[in-house]
There are 2 protein chains.
Amino acid sequence: MTQWLSTDEERAWRAVRRLLTVLPSRLGRDLTQLGLSSADYEVLSTLSEKPGRRWGLRDFAEKMQWSRSRLSHHAARMEARGLIEREADPADARGSIYHLTDAGFAVLAEAAPGHLASVRARFLDHLSPEEVAVLERVADRIADLPD
Amino acid sequence: MTQWLSTDEERAWRAVRRLLTVLPSRLGRDLTQLGLSSADYEVLSTLSEKPGRRWGLRDFAEKMQWSRSRLSHHAARMEARGLIEREADPADARGSIYHLTDAGFAVLAEAAPGHLASVRARFLDHLSPEEVAVLERVADRIADLPD
DNA sequence: CTATCGTCTTTGACATGTCAATGAAAATCA
DNA sequence: TGATTTTCATTGACATGTCAAAGACGATAG
């Protein structure tokens, strides 16, 4: 079940697959120690980068590459924890606007340094500048392919 | 929330994060068209590579980097579909041995070419041989770090 | 204006993953 | 041997993600 890629490709793909599994899992584990899941952290940091720290669900979900359903579910749970809040969109009564609470921002601010340290320790610190450059180019090229 | 990596690192990490999200999701979607989830495919192909196409749960789970619980749950579902079977381990009455059924092997054999085509179309075909080599080295280095 | 159609978020049902507890059997050790 | 500890796979309860309604509202065309 193995011979339809060249041996070089085969080895590389195996290695990349392992990376795809292992790196997110390690970063997630580190984050859990800090009291947040990876999903929580993504939501908080994506929201914190938006001017005003508020965002309508539709665009927010698209930015995060999440389904609207997933974001709605997850946001409901985070709202119950007091990390974010939802309010009606004044411009479109169907819409919902999410914004970071002060508590949510505080939680993010507390977790961020540890998370970035983890990204360094588990990834960036082990790459040369040239490798970082190659990775960026390759990752962009692949991710930009049509869906 | 953004200024604790150098701009180069920041851009690269962003790109890699996007790749980590988007590539598995695309490959998974393609696989779904072929009737299998990514998890199903991993189980089948990992099992098919083992001599005799049978494997005890413990080592199997470790090889896949899955928790035993996850594998046990997933295997129960796949067994219900007739793709794999479980039997008692004659050497250790606590143990359980998983093996691929003929039906499971047939399903894998049918899905594999399409999946490999998808890996090519969505990934490998867009990399130069040098990039493939860099990726393999980097991915191995990162994945081999202590947990 | 109003009827239709499309779009919005949420919801519920279900699939999947995690975590802790279970019960059975092996390994260890006195 | 017999008691204790460890390891094994599975299970159940719960958290999370997916998919297909649902219901509310906006946009469009007559």
Side-chain angles (χ1 to χ4, degrees), chain A residues 20-22 24-33 35-44 47 54-81 83-99 147, chain B residues 20-22 24-33 35-44 47 54-81 83-99 147:
Chain A
L20 256 37
T21 306
V22 148
S25 134
R26 288 174 188 165
L27 295 174
R29 189 149 30 82
D30 291 348
L31 260 175
T32 298
Q33 308 293 321
L36 293 173
S37 69
S38 297
D40 294 336
Y41 189 90
E42 274 184 78
V43 169
L44 292 179
L47 209 41
R54 48 184 55 237
W55 214 328
L57 179 139
R58 181 193 167 69
D59 298 337
F60 190 13
E62 184 173 357
K63 171 71 174 184
M64 297 191 59
Q65 307 257 40
W66 281 16
S67 74
R68 299 181 209 174
S69 170
R70 178 183 179 188
L71 183 51
S72 182
H73 277 299
H74 203 92
R77 293 187 290 261
M78 293 182 72
E79 189 173 29
R81 291 198 280 153
L83 300 175
I84 64 176
E85 278 175 357
R86 294 185 272 195
E87 36 178 284
D89 181 345
D92 181 341
R94 292 168 303 180
S96 203
I97 296 195
Y98 291 64
H99 68 92
D147 246 341
Chain B
L20 256 38
T21 306
V22 148
S25 136
R26 288 175 188 163
L27 295 174
R29 188 148 31 81
D30 291 348
L31 260 175
T32 298
Q33 309 292 320
L36 292 174
S37 69
S38 297
D40 294 335
Y41 188 91
E42 275 184 77
V43 169
L44 292 179
L47 209 42
R54 47 184 56 236
W55 213 327
L57 178 139
R58 180 190 167 70
D59 299 336
F60 189 12
E62 184 172 358
K63 170 73 175 180
M64 297 191 60
Q65 307 257 37
W66 281 16
S67 74
R68 299 182 210 172
S69 170
R70 179 183 179 187
L71 182 53
S72 182
H73 277 300
H74 203 93
R77 293 187 290 261
M78 293 182 72
E79 189 173 30
R81 290 197 281 154
L83 301 175
I84 64 177
E85 278 174 357
R86 294 185 274 193
E87 37 178 283
D89 181 344
D92 180 341
R94 293 166 303 180
S96 202
I97 295 195
Y98 290 64
H99 67 92
D147 245 342

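So that the names make sense, note that chain A is the first sequence line, chain B the second, and so on, each numbered from 1. Values below: every heavy atom of this structure, side chains too, minus hydrogens, waters and symmetry copies. Quantities reported herein were computed from a predicted structural model and do not represent experimental measurements.
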Let me spell it out: for each of H73(A) and T32(A), pick the nucleotide of DNA chain C with the closest heavy atom. Which residue's pick is nearer the 5' end?
H73(A)
Start at the 5' end of DNA chain C and walk down; is the nucleotide closest to S67(B) or to R86(A) reached first?
R86(A)
side-chain N/O [X] vs [N] OP1/OP2, d < 4.0 Å:
X: H74(B); N: dG17(C); result: yes
X: R70(A); N: dT16(D); result: no
X: R77(B); N: dG17(C); result: yes
X: S96(B); N: dA9(D); result: no
X: R68(B); N: dT10(D); result: no

Will you find, in the side chains of H73(A) and R70(A), an N or O donor that is under 3.5 Å from an N or O acceptor?
no
Starting from [atom2] on [N], measure out to [atom1] on [X] and report it in whole angstrom.
X: D89(B); N: dT10(D); atom1: CG; atom2: C1'; result: 15 Å
X: L71(B); N: dG17(C); atom1: CG; atom2: C1'; result: 12 Å
X: Y98(B); N: dT10(D); atom1: OH; atom2: C1'; result: 8 Å
X: E42(B); N: dG17(C); atom1: CD; atom2: P; result: 10 Å

Are R94(B) and D89(B) close enough, and set up right, to give a salt bridge (charged side-chain N to carboxylate O under 4.0 Å, His left out), and what steps lead you there?
CA-CA 7 Å; R94(B) 293 166 303 180; D89(B) 181 344; over 6 Å; no
Return yes if the base of dT11(D) and the side-chain atoms of S69(B) contain a donor-acceptor N/O pair under 3.5 Å, otherwise no.
yes
Quick check: any donor-acceptor pair below 3.5 Å linking the side-chain of R94(A) to the base of dT9(C)?
no
For the ring pair W55(A) and H99(A), is the centre-to-centre distance below 6.0 Å?
no
Between R29(B) and D147(A), does at least one N-O distance fall below 4.0 Å, as a salt bridge requires?
yes
Check E87(A) with R54(A), please: is the shortest side-chain N to carboxylate O separation under 4.0 Å?
yes
Candidate nucleotides dG17(C), dG26(D), dA25(C), ranked by approach to the side chain of A93(A) - the nearest
dG26(D)
Of S37(A) and D92(A), whose closest DNA chain D nucleotide lies nearer the 5' terminus?
S37(A)
